[in-house]
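These notes are about the structure you will find just below.
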Amino acid sequence: MKAIAIKTFGGPEGLAVVDLPEPAPAAGQVLIATEAVGVGGVDTVIRSGALAAYGFEEGFVPGSEVAGTVTAVGDGVDTSWIGRRVWAFTGTGGGYVEQALVPLGQILPLPGSLSAVDAVTLGSAGAVAHFGLRHGRFAPGETVLVRGASGSIGIMAVQLAARRGAAAVAVTASSARRGERLRRLGATHVLDRSGGGGDDAPAGYDVIIDVVAGKDMPSFFDRLNPNGRMVAVGAVGGQPPADFGTKIMASFRKSMSFATFSTATVPPADLGAVRGEQFAAAGRGEIETVVHEVLPLDAAVLAHRKMAAGEVFGRIVLTP
């Protein structure tokens, strides 16, 4: 079968089309004929080689979520799954393929009203946004800043914070056009990438959801209210400075807090319940899935180039 692998770490050109043996499901697994593959920020970080120290090697197949139809099941899996449309979490990789092997516990049936493309735009991002806000102890009436709001996680965080009664939802955006699109999704204030601008924006925020991290992350501690919470849900801008904690200690009397968040710490049943609710809400038009572009699987290099250039608003989806 056709797949996309990281032939060499570095830029997008390190991705290549490869042929892999036809997969067969082992006990407890299902085989999915993929119709849509989500391209995520973590895929670009892995491709760069920045996580090589964590066991990622050249030859790795990226991609963490797919949607499609179950075509075969392994021992111990009910055969009634065959022929059903599902969304699936493939883990840290294994999704840029024509046929994906996934443990039964990592799939979720799709409502008929939701396309495969929309499913992979929402599946991971929606859960990160939901539980990231919960991790930050967000409550109705509080102010929220979403840093890096133009990606799929940020877009969902904006929508969820607005729907849950935030007093204000500020966003950082790289252009006025993106800012206006985010306003239509629920943002009330648009800031530049440094957090500046927006003359009528709140002076401080109770919760900051940070998708970016990177060298500028510590400056956003200045924008937290007393008892404010920053939650890093991604690091598409790279790691923050090693001494970023000194910024928090310098404002000791504000009782600020910082946390990272990964859905790996959420019980699978809770993840499935939230995703199911969000899929149903999207099918009813209550949550908007924002798809930047749909490209063929063998255009993965182009997809990653667009990500690297900062061109993407929402999610790029690959289709085998």
Legend entry - Heavy-atom closest contact (D210 atom, M230 atom, distance): OD2-SD, 4.3 Å
Legend entry - Cluster check I155, V294: I/L/V/M/F/W/Y, side chain < 4.5 angstrom: yes
Inset, instruction - Work out which heavy atom in A167 is nearest to a heavy atom in G141; give both atom names and the distance. - result: CB-O, 3.2 Å
Legend entry - ILVMFWY cluster, L145 and I153 together (side-chain gap under 4.5 Å): no
Legend entry - Exercise: do E288 and Q159 side chains pair donor with acceptor under 3.5 Å: no
Legend entry - I209 CD1 to M156 CE distance, which is reported to the nearest 0.5 Å: 12.5 Å
Legend entry - R275 with E65: basic N within carboxylate O range, under 4.0 Å: no
Legend entry - Taking every non-hydrogen atom, the tightest pair across D192 and S194: OD1-OG, 2.7 Å
Inset, instruction - Would you tell me whether E35 and T69 have side-chain atoms, one donor and one acceptor, within less than 3.5 Å of each other? - result: yes
Inset, instruction - State, to 0.1 Å, how close P320 and A36 come at their nearest heavy-atom pair, and which atoms those are. - result: CD-N, 4.3 Å
Inset, instruction - Take S152 and R315 through the test side chain to side chain donor-acceptor pair (under 3.5 Å) and record every step on the way to the result. - result: CA-CA 6 Å; S152 54; R315 171 144 291 189; 3.1 Å; yes
Inset, instruction - Report yes if some heavy atom in the side chain of F60 is under 4.5 Å from a heavy atom in the side chain of T92; otherwise report no. - result: yes
Inset, instruction - Report yes or no: do F220 and L133 belong to one cluster of Ile/Leu/Val/Met/Phe/Trp/Tyr joined by side chain heavy-atom distances under 4.5 Å? - result: no
Inset, instruction - Quick one: pull up CD1 in I6 and OG in S48 and give me the separation to the nearest 0.5 Å. - result: 8.5 Å
Legend entry - E180 and R177 ion-paired at < 4.0 Å: no
Inset, instruction - Could you tell me whether the side chains of S115 and D118 share a donor-acceptor contact shorter than 3.5 Å? - result: yes
Inset, instruction - Run through R164, R229, R137 and flag the one making a side chain to side chain donor-acceptor pair (under 3.5 Å) with E142. - result: R229
